[in-house]
Amino acid sequence: MSSIYLLNFLTVSVFGMILAAAFCDITWTRGKCFFLGGSLAAILIFQGSVYFFMDMSLAQSLYPLTTHLPLALVLCVLSRRRLWPFISVLTAYLCCQIRRWAALFITALFAGGPVTQSMAEMAVTLPVLMSLVWLAAPSVRSVSGGTMFAQCQFGLIPAIYYGFDYLTRIYTDLLLEGVMVAVEFMPFVCCMSYLAFILHTSAANRVRMELEQTQNSLNIQVVQAVREIEALRESQQKTSVHRHDLRHHMQYLLSCLENGRTEQAQAYIQNVCSELEANKVTVFCENETINLICSAFVRRAEKYGISIAIRAVVPPVVPVSESDLCVLLSNAMENALHACQRMKKKGAEGRIEAEMFERKGKFFVQVVNSCDEEPSFVKGVPVTDVPGHGIGVRSICAIVEKYGGIYQFQVLEGRFVMQVSF
């Protein structure tokens, strides 16, 4: 029985060491594999010497110092990490419970005793180890790439169980004696962990849903903006065609005049002028995207009787993608247009002033519009509780942050001012 116990002890030691190494995020090379194998052999030899020269109970109490600490330090060297190797060792220690409970089930099934228990533990070691290495280890390693807080959260339960197991079974007999605090401690930990998991998952789901809604809205805005640009480009192409066909128009008009059809010539001129006016794109600067977007909003503002002034000194290429520039300007101008429309409904005058320029590799945008009431601000960003609103501002902030820029929103003398640079 003693030899079976020692063999089982050796088996569980190897099980825990290999599993801890599998949980640790290490890029394995031949040299590292040899180093790990030699280190594990040295730890096992040292562990055997301790058990040979010391009392069994004393050797068990020193196990964290003779085995777990050296193993964690070896993994620290291999992974060049400080915290995660210790979490890996604690997690592997916790997973030894799977091996133990599988053996308990076999022992109960065959009505065996301590010998059967030890033999069953050795029998299930390899299948359990392979399952954990292939199925659980990749997910465990993925946590090591998270923040320090996330790693500590993950390692909290293994650390609590590790301390509880040694305090109640190795260093004292509290669990064996049935002390109520010891008996009920781990169920209490499981309950609190479950509640914390529920609260964390619920909060994460709410954030994820909000992000998905925002992303969907942004995708819709991008699609609409791209469609608008394409439509404006088509209009510009039509205008180019009209200019190209100017010679044909002049020939037709000359024919009408020569034949005394003055009214027909006048009607034709008015028709051509209307088509050109409807499709024209105002040139504000050298950047085509800005010209297209601003032209579209100028026509919309004039349609609603809103005064608008745009000043742009922007080169053909700016340090922002065309789609991001489209979303940023469209949202800024759209918000300004809506604010002025609300003022028009109240009988007040609305005015929009936009200024864009590029200087020393930096792109600056300022949009100023009349406003009838000051919005609420949270951390310098205007917010609203109206469903479906406020997405445009979040889109602007997201784009500016994407390029490492800065943004500012403020109300000055009855005018809302948006300024961004990146």
Side-chain angles (χ1 to χ4, degrees), residues 8-29 32-51 58-102 121-122 124-126 128-171 186 189-190 193:
N8 183 37
F9 181 80
L10 176 64
T11 303
V12 72
S13 298
V14 175
F15 173 89
M17 291 177 181
I18 295 177
L19 192 58
F23 287 160
C24 205
D25 191 14
I26 300 173
T27 302
W28 293 105
T29 61
K32 288 184 178 181
C33 291
F34 280 124
F35 180 79
L36 177 64
S39 300
L40 297 186
I43 292 173
L44 290 174
I45 292 172
F46 178 64
Q47 189 182 102
S49 301
V50 171
Y51 273 85
L58 179 59
Q60 286 183 336
S61 64
L62 293 176
Y63 195 83
L65 298 178
T66 60
T67 303
H68 295 149
L69 181 59
L71 176 61
L73 294 177
V74 168
L75 295 178
C76 285
V77 173
L78 291 173
S79 65
R80 297 182 180 180
R81 303 280 294 274
R82 296 181 180 180
L83 175 64
W84 187 254
F86 289 91
I87 295 176
S88 298
V89 172
L90 295 175
T91 305
Y93 184 84
L94 178 62
C95 289
C96 290
Q97 282 293 321
I98 300 175
R99 174 181 176 272
R100 184 180 303 172
W101 276 88
E121 288 184 7
M122 288 187 288
V124 301
T125 296
L126 185 59
V128 172
L129 178 61
M130 293 176 64
S131 299
L132 290 173
V133 169
W134 287 343
L135 300 177
S139 298
V140 173
R141 287 195 299 268
S142 67
V143 182
S144 66
T147 62
M148 188 71 69
F149 179 72
Q151 295 180 38
C152 291
Q153 277 187 315
F154 179 84
L156 183 61
I157 296 300
I160 291 176
Y161 171 75
Y162 186 89
F164 171 80
D165 196 41
Y166 269 88
L167 287 175
T168 59
R169 290 197 318 109
I170 306 300
Y171 299 144
M186 286 310 296
V189 171
C190 291
S193 301

Fill in: Sequence neighbours excluded - salt bridge (Lys or Arg N to Asp or Glu O under 4.0 Å) pairs with any residue from residues 150-167
Asp165-Arg169
Worksheet item: Counting heavy atoms not belonging to Phe46, are there more than 12 under 6.0 Å from its CZ?
Response: no
Worksheet item: Distance-only, no hydrogens or angles: does the Tyr93 side chain make a donor-acceptor pair with backbone N or O of Gly16 under 3.5 Å?
Response: no
Worksheet item: Any side-chain heavy-atom pair from Leu44 and Val14 closer than 4.5 angstrom?
Response: yes
Fill in: Rounded distance [0.5 Å steps], NZ in Lys32 versus OG in Ser39
13.0 Å
Discussion item. Test of understanding: with side-chain hydrogen bond (donor to acceptor under 3.5 Å, both in side chains), list the residues that count as partners of Thr125, not counting sequence neighbours.
Written reply: Arg99
Discussion item. Enumerate the side chain to side chain donor-acceptor pair (under 3.5 Å) contacts for residues 130-140, please, sequence neighbours excluded, ordered by first and then second residue.
Written reply: none
Worksheet item: Got a second to check how far Cys190's SG is from Tyr161's OH, nearest 0.5 Å?
Response: 11.0 Å
Worksheet entry | All pairs passing salt bridge (Lys or Arg N to Asp or Glu O under 4.0 Å) where residues 73-94 contributes a residue, at least two apart | none
Item to complete: Quick one: closest heavy-atom pair of Trp28 and Cys33, and the distance?
Response: CE3-SG, 4.1 Å
Could you pull out all donor-acceptor pairs under 3.5 Å where a side-chain atom in residues 64-74 meets a protein atom, sequence neighbours excluded?
from, atom 1, to, atom 2, distance (Å)
Thr66, OG1, Leu62, O, 3.2
Thr66, OG1, Tyr63, O, 3.4
Thr67, OG1, Gln47, NE2, 2.5
His68, ND1, Tyr162, OH, 2.6

Practice prompt. List in chain and number order the residues that pass side chain to side chain contact (heavy atoms under 4.5 Å, CB included) with Ala102, two or more places apart in sequence or in another chain; answer none if no residue qualifies.
Written response: Val124
Fill in: salt bridge (Lys or Arg N to Asp or Glu O under 4.0 Å) contacts touching residues 134-160 (sequence neighbours left out)
none
Response to the item:
Shortest non-hydrogen pair, Tyr171 vs Ser61, comes out as OH-O, 2.9 Å
Item to complete: Could you pull out all residues at least two apart from Asp25 that satisfy side-chain hydrogen bond (donor to acceptor under 3.5 Å, both in side chains)?
Response: none
Worksheet item: In chain order, what residues pass the side chain to side chain contact (heavy atoms under 4.5 Å, CB included) check against Val77, with sequence neighbours excluded?
Response: Phe35
Worksheet entry | Whether Trp84 side chain and Val143 backbone form a donor-acceptor pair below 3.5 Å | no
Worksheet item: To the nearest 0.5 Å, what is the distance between CG (Leu83) and OG (Ser88)?
Response: 9.0 Å
Response to the item:
Cys76 meets the side chain to side chain contact (heavy atoms under 4.5 Å, CB included) criterion, sequence neighbours left out, with Pro85, Phe86
Worksheet, complete the sentence: Taken to the nearest 0.5 Å, the spacing of Thr29 OG1 from Leu78 CG works out to 8.5 Å
Worksheet entry | Atom pair CG (Leu132) and SG (Cys95), whose distance is rounded to the nearest 0.5 Å | 5.5 Å
All N/O donor-acceptor pairs, side-chain side in residues 148-160, below 3.5 Å, sequence neighbours left out:
from, atom 1, to, atom 2, distance (Å)
Gln151, NE2, Ser144, O, 3.2
Gln151, NE2, Gly146, O, 3.2

Practice prompt. Take Val128 and Trp101 through the side chain to side chain contact (heavy atoms under 4.5 Å, CB included) test and state the conclusion after the steps.
Written response: CA-CA 11 Å; Val128 172; Trp101 276 88; over 6 Å; no
